[in-house]
Peer 1: 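Got a structure here, written out as structure tokens. Questions coming.
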Amino acid sequence: MSSLRADGQGERPSRRLTWAIVGLLVLSVPWYFPAGDGRPFVFGVPLWCVVSFACYSAIAAIVVIAIPRLWDDTTGRDD
Amino acid sequence: MGSTATIVVAVYLCVLLFIGWRGHRQSTAGSLHDFYLAGGNLGFIVLLATLYASQYSGNTFLGYTGQAYRIGFSWVMSVGMMMSVVLLYLTFAPSMHLLAKRHGFVTPSDYVRFRYGDRALASWVSAAMAIALMNYLYAQFLAMGHLAVGISGGQVPFWAGVIVLAGVIGIYETLGGLRSVAWTDALQGLLLLFGLMFVLVLVWQRAGSLTPITERLVVDSPELVAVPSWQQCGRWMSSIVLLGLGASVYPHALQRIYAARDSLSLQRSLRVMVVMPLVTTGVVVAIGILAHGLIPGREGIEADRIMPELLAALAADGGFGEIVSVLVMTAGLAAIMSTADSALLSLSSMFARDFVAEVRPDLSEHRLAEIGKLSSWGIIAVMVLMSISPPTTLWRLIEIKMELLIQVAPLVILGVRYRELPATAARRGFIVGTVLALIAFALGVQRIGGIHAGTYACAVNVAICAWGIRGARRSAELHTAS
């Protein structure tokens, strides 16, 4: 669970994961949906809103699962 | 609700005072570090609770529900806004925590002094943060007064509500500093989280399925359901940037990063914090939309009263509905008080460390902590007076809280990430960004193309810092080559 290895050095953060989070953040804003009245609905929620919430859920999942790989404390260590 | 609610709130306030006293008993040294950072010993659970309670304010509870009711499904952006704060923490908190531990930082300006060796810049940063915090605190005091009136059913006047609640905050805070504040935050955070869940369940039960509500909104208020326009999307993205950058460098947020017991506690707290927007602002959005099924037709500023109206409707049923409604009102009060106590503690620490200690470096840590406690009462007195008799002219300046605060973000975040960032570029970026934000405010320009004026100013600020980093790298390369 910890990002800290036995030798006390932090792991390098994953750039790929960072870009995945940025990409999901951009996709969470529904700029790419064609203009419309919000249909279709999923249990009463417009699809664009469902997609947006799904993006935020995916970001949360990535951080929860991969936080050790996103944990960059190298500047503080090397200073 | 009047009498029952007043009794519940009175009990709640007594519990807060007891926690404050316990915090006082746990205090060991009279140093600034012990008082303002709980000795740098906040473990996972308490750290998580205090991060949560200070990030989600009374505005989340009352204002965000109204906003969801007013603008509809696009307020799902608030989930992204709150999540971006945690994502921004991840970019600098790990390193900043280690630096704080090693160099004994107490206030955000301690980091600026250490990183850039520039006392003038540290003072300016401190001033900008203090202005932003005053705004924050003032808004919480106003909200406390209004809620006191609402909870008591008008039995407690506005001024009395502000004085009593501010007094309770002042007592438990000066008793135990961050230790007391963090422990009370744990209670307040739990109340907020479960309060919102209760309201969602009860409102859902009464409103029934969401589908007919949405279908009706498509006819009556189509803009609440329709795909957001490009301009709205621009505002959405800008809000994520503005809140993420601004709230991640709130002084009380930075101080909690300093106060974490170790990296693992901080990491575990942020791991949970990233999920909290889904179950906090996500729930708020759902309540705001479902409220259309129970209380239709509120427009403009009326929408801001939707949560109290919902609670009043639940209480009118009596029995369980009344109990939940009282508890949820108390949760709202808890959310406001937890934000107010954090902002107040941070302000007093900045006064003691960044102002008094700079002018009188001969004073002992113990004396500075005592001065900090006294300053808390001074700030409370000013805020209470202003809440009861709001000024109208100069005070408008503090309305630009976030626009001002995000100008601090580049020199903090980029300063941690890029050791090449020179002090000159950080200072120039901060000054230019702040001046641009102030000019936009003076001209009354809030947004351009849906994007906040402060975000543009911050982009210029970042560009100046990036240029400085590039220049420093080139100089280093030339130096190496020669």
Side-chain angles (χ1 to χ4, degrees), chain A residues 1-5 8 10-11 13-14 17-18 21-22 24-79, chain B residues 72-74 76-77 79-80 83-84 86-87 90-103 209-215 217-218 222 224-230 232-234 236-237 240 262-264 267-268 270-278 282 285-286 289 416-419:
Chain A
M1 189 161 164
S2 168
S3 71
L4 304 179
R5 297 198 308 249
E11 295 170 14
S14 165
L17 281 176
T18 306
I21 289 172
V22 172
L24 284 166
L25 214 48
V26 173
L27 284 178
S28 73
V29 184
W31 50 270
Y32 49 88
F33 270 82
D37 64 1
R39 288 189 173 85
F41 300 139
V42 182
F43 299 113
V45 181
L47 181 63
W48 61 266
C49 185
V50 172
V51 170
S52 182
F53 196 81
C55 287
Y56 295 134
S57 303
I59 292 172
I62 290 174
V63 173
V64 167
I65 294 165
I67 198 168
R69 290 172 65 194
L70 294 161
W71 198 257
D72 181 11
D73 58 5
T74 48
T75 316
R77 285 177 181 280
D78 295 341
D79 192 81
Chain B
F73 286 98
S74 65
V76 72
M77 75 171 80
V79 177
M83 201 169 275
S84 67
V86 185
L87 296 176
L90 285 173
T91 65
F92 69 91
S95 290
M96 181 167 268
H97 169 72
L98 289 185
L99 289 171
K101 287 283 176 200
R102 190 180 304 163
H103 300 285
S209 167
L210 184 61
T211 307
I213 295 173
T214 308
E215 292 286 0
L217 285 176
V218 170
L224 270 58
V225 185
V227 176
S229 65
W230 269 75
Q232 287 170 317
C233 288
W236 184 325
M237 192 50 93
I240 286 177
D262 47 38
S263 281
L264 184 57
Q267 189 183 99
R268 291 168 75 187
L270 295 185
R271 185 180 241 163
V272 180
M273 277 293 287
V274 79
V275 180
M276 299 318 281
L278 300 170
V285 173
I289 303 287
V416 170
R417 301 285 303 178
Y418 300 95
R419 63 176 54 206

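Note: hydrogens, waters and symmetry copies are ignored here, and every other heavy atom, side chains too, is used. Proteins get letters first, then strands, A, B, ... in listed order; numbering begins at 1 in each.
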Peer 1: With a 4.5 angstrom heavy-atom cut-off, could you sort out which part of Val26(A) is near chain B: side chain, backbone, both or neither?
Peer 2: both
Peer 1: Check whether Ile213(B) gets within reach of chain A through its side chain, its backbone, both or neither, counting any heavy atom under 4.5 Å.
Peer 2: neither
Peer 1: Check Pro30(A) against Trp236(B) and note the closest heavy-atom contact, atom names and distance.
Peer 2: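 Here Pro30(A) and Trp236(B) meet closest at CD-CZ3, 3.2 Å.
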Peer 1: Check the pair Trp71(A), Leu270(B) against side-chain contact (heavy atoms from CB on, under 4.5 Å), reporting the backbone distance first and the verdict last.
Peer 2: CA-CA 11 Å; Trp71(A) 198 257; Leu270(B) 295 185; 3.9 Å; yes
Peer 1: To the nearest 0.5 angstrom, please state how far the CZ atom of Arg271(B) sits from the CD1 atom of Ile67(A).
Peer 2: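 Arg271(B) CZ to Ile67(A) CD1: 6.0 Å, rounded to 0.5 Å.
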Peer 1: Side-chain contact, heavy-atom cut-off 4.5 Å: Val76(B) with Ser52(A)?
Peer 2: yes
Peer 1: For Ile21(A), is it the side chain, the backbone, both, or neither that has a heavy atom closer than 4.5 Å to a heavy atom of chain B?
Peer 2: side chain
Peer 1: Given a strict heavy-atom distance threshold of 4.5 Å, which part of Ser57(A) is in contact with chain B: side chain, backbone, both, or neither?
Peer 2: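 Both backbone and side chain of Ser57(A) come within 4.5 Å of chain B.
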Peer 1: Sequence neighbours excluded, which residues qualify as side-chain hydrogen bond (donor to acceptor under 3.5 Å, both in side chains) partners of Ser229(B)?
Peer 2: Gln232(B)
Peer 1: Evaluate the side-chain proximity of Gln267(B) to Pro68(A): yes if any heavy-atom separation is below 4.5 Å, no if none is.
Peer 2: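 In contact.
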Peer 1: Can you sort out the partners of Ser28(A) under side-chain hydrogen bond (donor to acceptor under 3.5 Å, both in side chains), two or more places apart, ordered by chain and number?
Peer 2: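 So Ser28(A) forms a side-chain hydrogen bond (donor to acceptor under 3.5 Å, both in side chains) with Tyr56(A).
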Peer 1: Among Ile289(B), Thr91(B), Val79(B), who wins on heavy-atom pairs under 4.5 Å with chain A?
Peer 2: Val79(B)
Peer 1: Starting at CG of Leu90(B), measure out to CG of Leu17(A) and round the result to the nearest 0.5 Å.
Peer 2: 11.5 Å
Peer 1: What part of Val225(B) lies closer than 4.5 angstrom to a heavy atom of chain A: side chain, backbone, both or neither?
Peer 2: both
Peer 1: Which one of Gly234(B), Cys233(B), Gly282(B) has the most heavy-atom pairs closer than 4.5 Å to chain A?
Peer 2: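 Of the candidates given, the most pairs with chain A belong to Cys233(B).
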Peer 1: How long is the span from the CZ atom in Phe41(A) to the CG atom in Leu210(B), to the nearest 0.5 Å?
Peer 2: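 Here the interatomic distance stands at 9.5 Å.
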Peer 1: Does Pro222(B) reach the side chain of Asp37(A), with side-chain heavy atoms less than 4.5 Å apart?
Peer 2: no
Peer 1: If you tally heavy-atom pairs under 4.5 Å against chain A, which of Val272(B), Ile240(B), Val274(B), Val275(B) wins?
Peer 2: Val274(B)
Peer 1: Below 4.5 Å from any heavy atom of chain B, which atoms of Trp48(A) appear? Answer side chain, backbone, both or neither.
Peer 2: side chain
Peer 1: What option among Met83(B), Met77(B), His97(B) has the most heavy-atom pairs under 4.5 Å with chain A?
Peer 2: Met83(B)
Peer 1: State, with a plain yes or no, whether a side-chain heavy atom of Phe33(A) is found less than 4.5 Å away from one of Pro228(B).
Peer 2: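 The answer is no; the side chains never approach within 4.5 Å.
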Peer 1: Does a side-chain heavy-atom distance below 4.5 Å link Phe53(A) with Leu278(B)?
Peer 2: yes
Peer 1: Specify which of Val42(A), Leu25(A), Val29(A) makes the most heavy-atom pairs with chain B at under 4.5 Å.
Peer 2: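 Answer, by heavy-atom pair count under 4.5 Å with chain B: Val29(A).
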